[in-house]
Q: 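This structure is in structure tokens; I'll ask about it shortly.
The analysis underlying the following values was restricted to heavy atoms, covering all of them including side chains, and did not include hydrogens, waters or symmetry mates. These figures come from a predicted structure and were not determined experimentally.
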Amino acid sequence: MTKVNDPENELTGAAEGGTKFDLVWVLGCVLITAVATLLRFLWLGMKPFHHDEGVNAYFLTNLFRDGIYKYDPANYHGPTLYYIAIAFAKVFGLETLPLRWSVAIWGVLTVVLAFYLRRYIGRIGSLAAALFLALSPGMVYISRYFIHEIFFIFLSLALVLSIVLFIEREKAGLLAIAWTVLLLMVCFLPSTLSLASYLTDDSFNALWAVRAGFFIAEAVLVFFVIRMLLVWNDGRPIYFLLASACVALLFATKETAFITLGTMLIACVCVRIWRKVYRNRGAESAEDEISDEFLNWQSFRNALGTGTDRLLILIAAAAVFIYISVLFFSSFFTYPQGVKGAIEAYTIWTKTGSKDHTQNGYLAYLKWAWETEAPILILSALGSIIAFAKARHRFAMFAALWAFGLFLAYTIIPYKTPWLALSFLLPMCIIAGYGINELATARDVKAKIAAAVLAVAGTSVLTYQTWDHNFVRPADEDTVYAYAHTNTEFLTMVAEIERYAEKSGVGHNAVIDIVTPDYWPLVWYLKDFPHANFHGRLVDTKDAEIIVAKKNDQDAEVIRRYSANYRFAGQYDLRSGVELMLLVRKDFADPDDTEVYRIRGQ
């Protein structure tokens, strides 16, 4: 049997037996994590919400205020985003920063997970992969977005690691146990808190007393469940159950889960075939720091056990998958129709994938990757060539096929948006790190020099691109990831609405009629105005303090309907090709606000 590291030793760089502490390794991990954290949390409010962020925030607002979320397969993606974000909103408030924090944290944790690849892509390789993930312009940009993508990426890597560790380990690690505890608490606590609210009606003291009782009871239950799992084969099944949970959460996050999982399965089959064809070339080397010979079908079967053990672990994994899927899609057992909607989503997604966002062309991902992620694209291709030329490292070959398999799949699908590229950028960073590792650890001095040059050049380019895309031009549609993004002028309009509302004397009780058909993400920014009415069409009004209309398209009707009672207070870019105009009632308009009839031709 192959001797392996304890899971707790993975991030300390301890060698087999846990006797060696690698200070350089630990410092590298800390530094890369700090960089990833800084890039994902710094100045998170500097750009306005994207259209999609505004829609997601609307669903979250309803869940936060009314306790209601109903999964609708026709509306965007799965429910996990909202149930993660509501915890942040409850603690830090229903504001822009907490919502984006709830996503940014998963971007950092994705980088942390890359450190656990040390055994499979090398010491230098795992640090390089983590650094590429930390600096990738797309990974950083979308980590700063309140959308589903980053949690999906985290789950993809967590799934792969869970399966690999299940095959390799005989004992559950501390972090695996911690994640299991967290998952169990999430699965049971919200429902028990809702039950407490139902049982105690409006009594505040009774409510918190019952909630505390339920929490203690659940904590005791979780303790005994974890204890039971640890006794079962030293806790090894925990990794398999975590993998099952990751699959369920992937489907509960985005419908594209079947593309990712399908690609991973095909990659496993292809690696097995390639190894059979090049069996002699792929012989293990005693000097090789990468040791993944155990990653094979027979080892997986052995990890499952035999007889009753195998049956129990398969039943437990199926139960975990079904329970988590039903839990989230049914909105914690409050909306059973959501489970049916989860199945219907794939019919809708199939139609959407063939007709929406198709204007970018089949080579869009290649073009976008070359423009913003060129070092990762080049180094991942290099790493893939090395992996298949050596035909020795199973995980590296898997990562290469995972990366370019998804790249091919998303290239074929007509639907194209920049954030979908993150699904293949993740494994590209991994195989790029492997490529750097193989060059750096080669005997040839020229290869070592090439590794250093490529690593420094790639890191430099990525650093510049990330800073430019995220902090210099975060809402500039000339950049790839600011796709149909809200213009920063929009925040100026929101500030003006706030100012005029205060000037009117009624503050947040001001009546605001939004008559433009294009208004997202304004719904989020006016969430504290109970009388903000999103008509989406022109309506007759003279009592509203403020009106928001669409410039150019509605000019004629705005002049006819509103000239008598309102003045023009300015026009603002919502996004490319969409301008909004602000009208305020004449009794509190600024002196330099103009008559509405003068907007024609402006």
Q: Looking at F424 versus Y365, is the centre-to-centre ring distance below 6.0 Å?
A: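 Ring centres of Y365 and F424 closer than 6.0 Å.
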Q: Does a salt bridge link R473 with D478, judged by any charged N lying under 4.0 Å from a carboxylate O?
A: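 No, this pair does not count.
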Q: Output yes when a side-chain donor or acceptor of K503 lies under 3.5 Å from a complementary backbone atom of F588, and no otherwise.
A: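 Answer holds: yes.
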Q: Q571 and L582: side-chain contact (heavy atoms from CB on, under 4.5 Å), yes or no, with the steps?
A: CA-CA 6 Å; Q571 65 186 61; L582 195 62; over 6 Å; no
Q: Measuring centre to centre across the rings, with the benzene-like ring taken for any Trp, is H51 within less than 6.0 Å of W524?
A: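 No; W524 has its ring centre 6.0 Å or more from that of H51.
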Q: What pair of heavy atoms forms the shortest contact from F152 to K254, and how long is it?
A: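 Between these two residues, the closest heavy atoms are CD1-CB, 3.8 Å.
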Q: Check this for me: K527, atom NZ, are more than 12 non-hydrogen atoms of other residues, nucleotides or ligands nearer than 6.0 Å?
A: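 Check passes, neighbour count above 12.
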Q: Taking E496 first and then R499, would you say they form a salt bridge - that is, a charged N and a carboxylate O separated by under 4.0 Å?
A: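 Salt bridge: yes.
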Q: Please say which of L133, L135, N470 ends up in a side-chain contact (heavy atoms from CB on, under 4.5 Å) with V140.
A: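 Among L133, L135, N470, the one meeting side-chain contact (heavy atoms from CB on, under 4.5 Å) with V140 is N470.
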Q: Is T479 reaching over with its side chain to a backbone N or O of D476, donor-acceptor style, under 3.5 angstrom?
A: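 Side chain of T479 to backbone of D476, a donor-acceptor pair under 3.5 Å: yes, one is there.
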Q: What verdict does the side-chain contact (heavy atoms from CB on, under 4.5 Å) test give for Q554 and V515, after you've listed the backbone C-alpha separation in whole Å, the side-chain angles of each residue and the deciding distance to 0.1 Å?
A: CA-CA 9 Å; Q554 294 181 329; V515 299; 4.0 Å; yes
Q: Please check if the distance between the ring centroids of W419 and Y141 is under 6.0 Å.
A: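 Ring centres of Y141 and W419 not closer than 6.0 Å.
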Q: Quick one, Y82 with H148, criterion ring-ring contact (aromatic ring centres under 6.0 Å, His included). Give me CA distance, side-chain angles, the key distance, then yes/no.
A: CA-CA 9 Å; Y82 313 114; H148 299 70; 5.7 Å; yes
Q: Nearest 0.5 angstrom please: N62 CG to I68 CD1, how far?
A: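 Here the rounded value is 7.5 Å.
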Q: Is the centre of the Y58 ring less than 6.0 Å from the centre of the W520 ring?
A: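 Centroid distance Y58-W520: below 6.0 Å, so yes.
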Q: Roughly how far apart are L97 CG and F88 CZ, rounded to 0.5 Å?
A: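 These two atoms lie 12.5 Å from each other.
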Q: Determine the minimum heavy-atom distance between M139 and L422, stating which atoms define it.
A: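 It is CE-O, 3.6 Å.
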Q: So which heavy atom on K47 is nearest to which on H485, and how close?
A: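 Nearest heavy atoms, K47 then H485: CD-NE2, 3.6 Å.
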Q: Could you state the interatomic distance from CD1 (I32) to OG1 (T37), rounded to the nearest 0.5 Å?
A: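 It comes to 11.5 Å.
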Q: How many angstroms lie between atom CZ of F146 and atom OG1 of T96, to the nearest 0.5 angstrom?
A: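 Rounded to the nearest 0.5 Å, the CZ-OG1 separation comes out at 10.5 Å.
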Q: Is there a side chain to side chain donor-acceptor pair (under 3.5 Å) between E498 and H508 once you walk through the steps?
A: CA-CA 8 Å; E498 292 272 2; H508 281 187; 3.1 Å; yes
Q: Examine Y415 together with Y410 and report whether their ring centres are nearer than 6.0 Å.
A: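 When the ring centroids of Y415 and Y410 are compared, they turn out to be at least 6.0 Å apart.
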Q: What pair of heavy atoms forms the shortest contact from K550 to L580, and how long is it?
A: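 Shortest heavy-atom separation between K550 and L580 comes out as CA-CD2, 4.4 Å.
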Q: Any chance you could measure K70, atom NZ, to T334, atom OG1, to the nearest 0.5 Å?
A: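 So the gap between those two atoms works out to 8.5 Å.
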Q: Are Y335 and F329 close enough that their ring centres sit under 6.0 Å apart?
A: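 Between F329 and Y335, which both carry aromatic rings, the centre distance is not below 6.0 Å.
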Q: Among L81, I150, L155, I153, which residue satisfies the side-chain contact (heavy atoms from CB on, under 4.5 Å) criterion with T253?
A: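 It is L155; the other options fail the test.
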Q: Can the ring centres of W106 and F151 be said to be less than 6.0 Å apart?
A: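 Yes; F151 has its ring centre under 6.0 Å from that of W106.
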Q: Which is it for R567 and E595 under the salt bridge (Lys or Arg N to Asp or Glu O under 4.0 Å) test, yes or no, and what are the steps along the way?
A: CA-CA 5 Å; R567 283 193 173 184; E595 294 294 338; 3.6 Å; yes
Q: Closest heavy-atom contact between L109 and W179?
A: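 Answer, listing the atom of L109 first, then W179: CD1-CH2, 4.0 Å.
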Q: For the residue pair H77 / Y71, report whether a side-chain donor-acceptor contact shorter than 3.5 Å exists.
A: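 No.
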Q: Donor-acceptor pair, distance only, cut-off 3.5 Å: does the side chain of D590 make one with the backbone of D592?
A: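 Judged by distance alone, no pair lies under 3.5 Å.
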Q: If you apply the rule side chain to side chain donor-acceptor pair (under 3.5 Å), what do you find for D593 with Y500, and how did you get there?
A: CA-CA 12 Å; D593 291 339; Y500 278 114; 2.8 Å; yes
Q: Do the charged groups of D555 and R560 touch, with an N to O distance under 4.0 Å?
A: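 Judged by the 4.0 Å cut-off on N to carboxylate O distance, D555 and R560 do not form a salt bridge.
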Q: Is the NZ or CZ atom of K551 positioned over Y572's six-membered ring, under 6.0 angstrom from the centre and within 45° of the axis?
A: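 Ring-cation test returns no.
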Q: Tell me, with the steps shown, if S136 and E373 meet side chain to side chain donor-acceptor pair (under 3.5 Å).
A: CA-CA 7 Å; S136 162; E373 314 274 1; 3.1 Å; yes
Q: So with a 6.0 Å cut-off around NZ of K586, is the heavy-atom count from everything else above 12?
A: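 Above 12, so yes.
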Q: Considering non-hydrogen atoms only, spot the tightest contact between L183 and A245 and give its length.
A: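 Smallest interatomic distance, heavy atoms only, reads CD2-CB, 3.3 Å.
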Q: Any donor-acceptor pair under 3.5 Å linking the side chain of R40 with the backbone of A134?
A: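 Here the side-chain-to-backbone pair exists.
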Q: Using 30° and 60° as the class boundaries, would you call the ring planes of F59 and Y69 parallel, tilted or perpendicular?
A: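 Rings of F59 and Y69: perpendicular, as their planes differ by over 60°.
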Q: Can you say whether the rings of Y525 and F490 are parallel (under 30°), tilted (30 to 60°) or perpendicular (over 60°)?
A: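 If you compare the ring of Y525 with that of F490, the planes turn out perpendicular.
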Q: In this structure, is the centre-to-centre distance between the rings of F534 and Y519 below 6.0 Å?
A: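 Yes, close enough.
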Q: Say you draw a straight line from CD1 of I86 to CG of L99; how long is it, rounded to the nearest 0.5 Å?
A: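 Going from CD1 on I86 over to CG on L99, the span is 10.0 Å.
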Q: Under 4.0 Å between a side-chain nitrogen and a carboxylate oxygen: does that hold for R585 and D543?
A: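 Looking at D543 together with R585, the answer is no, because their closest N to O distance does not fall below 4.0 Å.
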Q: State, with a plain yes or no, whether a side-chain heavy atom of T33 is found less than 4.5 Å away from one of V108.
A: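 Yes, side chains in contact.
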Q: Please confirm whether the ring centroid of Y464 lies under 6.0 Å from the ring centroid of H469.
A: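 Ring-ring flag for Y464/H469: false, centres at least 6.0 Å apart.
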Q: Around atom CZ of F258, are there more than 12 heavy atoms of other residues, nucleotides or ligands at under 6.0 Å?
A: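 More than 12 heavy atoms, drawn from other residues, nucleotides or ligands, come within 6.0 Å of this atom.
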Q: State whether R575 and E477 are salt-bridged, where the test is any N-O pair (Lys NZ or Arg NE/NH1/NH2 against Asp/Glu carboxylate O) under 4.0 Å.
A: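 Salt bridge between R575 and E477, a charged N being under 4.0 Å from a carboxylate O: no.
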